[in-house]
Amino acid sequence: MTGFFHKKGRYSSYAEAAELPHPKLPPEVFIILHRVLIRALQVLIADAQPLATMHEDSITSALQRVIENRLRQTGEVSGFCEPFFERVTRQHECDSFDGSRQQERPDLFFGIRPDDGFRCRIQSDQWGVFAECKPVDADHFAGSDYCDRGLVRFIQGAYAWAMQDALMVAYARHGRAIATHLAPAMESRAYLQAQEAVGPLSEEGQGLHRSIHRRHFQWSDGRGPACPIAVYHSWHDCGSA
């Protein structure tokens, strides 16, 4: 992981405002997290957890425990280990881009420790991978649930407003898939401001997809318009009830 966040230049003074946007995260970070989620769900399945019928919060809570208490500390998934990845938490409290909505709580937050070459002043509570998790099945739709109640939060600046990247996680059931359910739902929603349609990242990503969205809010203190955000989509087959 060394060198992921190297940026030429001097260290910013602590008296200066945080630099916006925060540095872009490389796709390798999200490929690793996608593999972490795959492995964590395998652990839950082996533990006889009924993923096909579990509530969204129950799955997310169980995932967080496995990821934080087992996978991050053991290095079981290549690349996912201390000290680069810091604590994985649920309900990480943060404010929206303008502070109008306080104590926003994304489903998962993956803390990241900058390497020794890091040269950017960051706002610490806004630095890391923000993840929103949603079931997608016969009762929870890719459009109304995953997009309207999840993905949109990144575009509106509720979560990850200082970041250039974020993560959406789907507990897919009843045969729901990105190509057949998410892609059409996104295409029909102009408010998602898609600059790049959802598509597979690469073979190395093992099913990981990405889309890029414009954001039209303004950063505070006259620091200009928010940049687009790349959202990675990590979908997982959780069976059928």
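Side-chain atoms are counted along with the backbone in the values below, which use heavy atoms only and exclude waters and symmetry mates. Position 1 is the first residue of the sequence; numbering continues from there.
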*Asks:* Please tell me whether I59 and F141 are part of a single hydrophobic cluster in this structure, the criterion being side-chain heavy atoms less than 4.5 Å apart.
*Replies:*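 No, it is not one cluster - the side chains of I59 and F141 are not joined through contacts under 4.5 Å.
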*Asks:* Do F154 and M168 have side-chain heavy atoms sitting under 4.5 Å apart?
*Replies:* yes
*Asks:* Could you pull out the closest heavy-atom pair between Q164 and P21, with the gap in Å?
*Replies:* NE2-CG, 3.5 Å
*Asks:* Working to the nearest 0.5 angstrom, can you tell me the gap between Q64 CD and L108 CG?
*Replies:* 7.0 Å
*Asks:* Decide side-chain contact (heavy atoms from CB on, under 4.5 Å) for V136 and D145; before the verdict, give the C-alpha distance in whole Å, the side-chain angles of both, and the deciding distance to 0.1 Å.
*Replies:* CA-CA 8 Å; V136 181; D145 288 79; over 6 Å; no
*Asks:* Hydrophobic cluster membership, with links at side-chain heavy-atom distances under 4.5 Å among I/L/V/M/F/W/Y: are L33 and I212 in one?
*Replies:*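 No: no chain of side-chain contacts under 4.5 Å links L33 to I212.
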*Asks:* Tell me the salt bridge (charged side-chain N to carboxylate O under 4.0 Å, His left out) pairs involving residues 230-239, sequence neighbours left out?
*Replies:* none
*Asks:* Which value, rounded to the nearest 0.5 Å, describes the distance between I112 atom CD1 and H22 atom NE2?
*Replies:* 11.5 Å
*Asks:* Could you verify whether a donor N or O on one side chain and an acceptor N or O on the other, from S211 and H209, lie under 3.5 Å apart?
*Replies:*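 Result is no, nothing qualifies.
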*Asks:* To the nearest 0.5 Å, how far apart are NE2 in H140 and NE2 in H174?
*Replies:* 10.5 Å
*Asks:* Are L41 and V43 in one and the same hydrophobic cluster, where Ile, Leu, Val, Met, Phe, Trp and Tyr link if side-chain heavy atoms are under 4.5 Å apart?
*Replies:* yes
*Asks:* Give the table of side-chain donor-acceptor pairs shorter than 3.5 Å for residues 78-85, with sequence neighbours excluded, one pair per line with atom names and distance.
*Replies:*
none

*Asks:* Which pair of heavy atoms, one from R90 and one from S61, lies closest together, and at what distance?
*Replies:*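 Closest heavy-atom pair between R90 and S61: CD-CA, 3.6 Å.
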*Asks:* Can you tell if the side chain of Q126 reaches within under 4.5 Å of the side chain of W161, non-hydrogen atoms only?
*Replies:* yes
*Asks:* Going by atom types alone, do H216 and Q193 pair a side-chain donor with an acceptor below 3.5 Å?
*Replies:* yes
*Asks:* Is the closest side-chain heavy-atom distance between C147 and M186 below 4.5 Å?
*Replies:* yes
*Asks:* Looking only at heavy atoms, which two atoms of L201 and P27 are closest? And how far apart?
*Replies:*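 Minimum heavy-atom separation between L201 and P27: CD2-CB, 4.1 Å.
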*Asks:* Does R189 pair with D148 as a salt bridge, N-O distance under 4.0 Å?
*Replies:*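 Result for this pair is yes, salt bridge flagged.
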*Asks:* Do any N or O atoms from the side chain of R223 and from the backbone of S220 form a donor-acceptor pair under 3.5 angstrom?
*Replies:*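 At least one qualifying donor-acceptor pair exists.
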*Asks:* Could you please spell out the steps behind the side-chain contact (heavy atoms from CB on, under 4.5 Å) verdict for I38 and H236?
*Replies:* CA-CA 7 Å; I38 290 173; H236 303 271; 3.6 Å; yes
*Asks:* What's the separation between atom SG in C227 and atom CG in L20, rounded to the nearest 0.5 Å?
*Replies:* 8.5 Å
*Asks:* Does the side chain of R210 reach to within under 4.5 Å of the side chain of E196, using non-hydrogen atoms?
*Replies:* yes
*Asks:* Quiz question: by atom type and distance under 3.5 Å, do the side chains of H34 and S234 form a donor-acceptor pair?
*Replies:* yes
*Asks:* Answer whether the closest heavy-atom distance between the side chains of V169 and L37 falls below 4.5 Å.
*Replies:*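 Side-chain contact under 4.5 Å: yes.
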*Asks:* Side chains of Y171 and T60: donor-acceptor distance under 3.5 Å anywhere?
*Replies:* yes
*Asks:* Within a radius of less than 6.0 Å around CZ of R87, do more than 12 heavy atoms belonging to other residues, nucleotides or ligands occur?
*Replies:* no
*Asks:* What distance separates S240 OG from R176 CZ, expressed to the nearest 0.5 Å?
*Replies:*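 One gets 8.5 Å once the value is rounded to the nearest 0.5 Å.
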*Asks:* Indicate yes or no: does D165 engage K24 in a salt bridge with an N to O separation below 4.0 Å.
*Replies:* yes
*Asks:* With salt bridge (charged side-chain N to carboxylate O under 4.0 Å, His left out) as the test, pick out the partner of E68 among R70, R72, R65.
*Replies:*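 Output: one option passes, namely R72.
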*Asks:* Taking side chain as C-beta onward, heavy atoms only, is R149 less than 4.5 Å from S144?
*Replies:*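 Side chain of R149 against side chain of S144, heavy atoms only: contact under 4.5 Å found.
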*Asks:* Find out whether Y191 and V152 are in side-chain contact, i.e. whether some heavy atom of one side chain is under 4.5 Å from a heavy atom of the other.
*Replies:*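 Yes, side chains in contact.
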*Asks:* Supply the atom-to-atom distance H213 NE2 to I155 CD1, rounded to the nearest 0.5 angstrom.
*Replies:*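 Separation between the atoms: 5.0 Å.
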*Asks:* Return the minimal non-hydrogen interatomic distance between E56 and P135, and the atom names on each side.
*Replies:* OE1-CD, 3.4 Å
*Asks:* May I ask you to check whether H233 and Y146 show a side-chain donor-acceptor distance below 3.5 Å?
*Replies:*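 Distance-only check passes for H233 and Y146.
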*Asks:* Does a side-chain heavy-atom distance below 4.5 Å link L25 with F30?
*Replies:*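 Side-chain contact under 4.5 Å: yes.
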*Asks:* Between W235 and L182, is the side-chain contact (heavy atoms from CB on, under 4.5 Å) condition met? List the steps.
*Replies:* CA-CA 10 Å; W235 281 43; L182 178 59; 3.6 Å; yes
*Asks:* Report the residues that fulfil side-chain hydrogen bond (donor to acceptor under 3.5 Å, both in side chains) with E86, sequence neighbours left out, ordered by chain and then residue number.
*Replies:* R113
*Asks:* Begin with the C-alpha distance, continue with both residues' side-chain angles, and end with the deciding distance and a verdict on side-chain contact (heavy atoms from CB on, under 4.5 Å) for M54 and Q49.
*Replies:* CA-CA 8 Å; M54 286 174 69; Q49 296 292 322; 3.8 Å; yes
*Asks:* Tell me the closest heavy-atom pair linking V36 and L71, and the distance in Å.
*Replies:*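 Taking V36 first and L71 second, the nearest heavy atoms are O-CD1, 3.7 Å.
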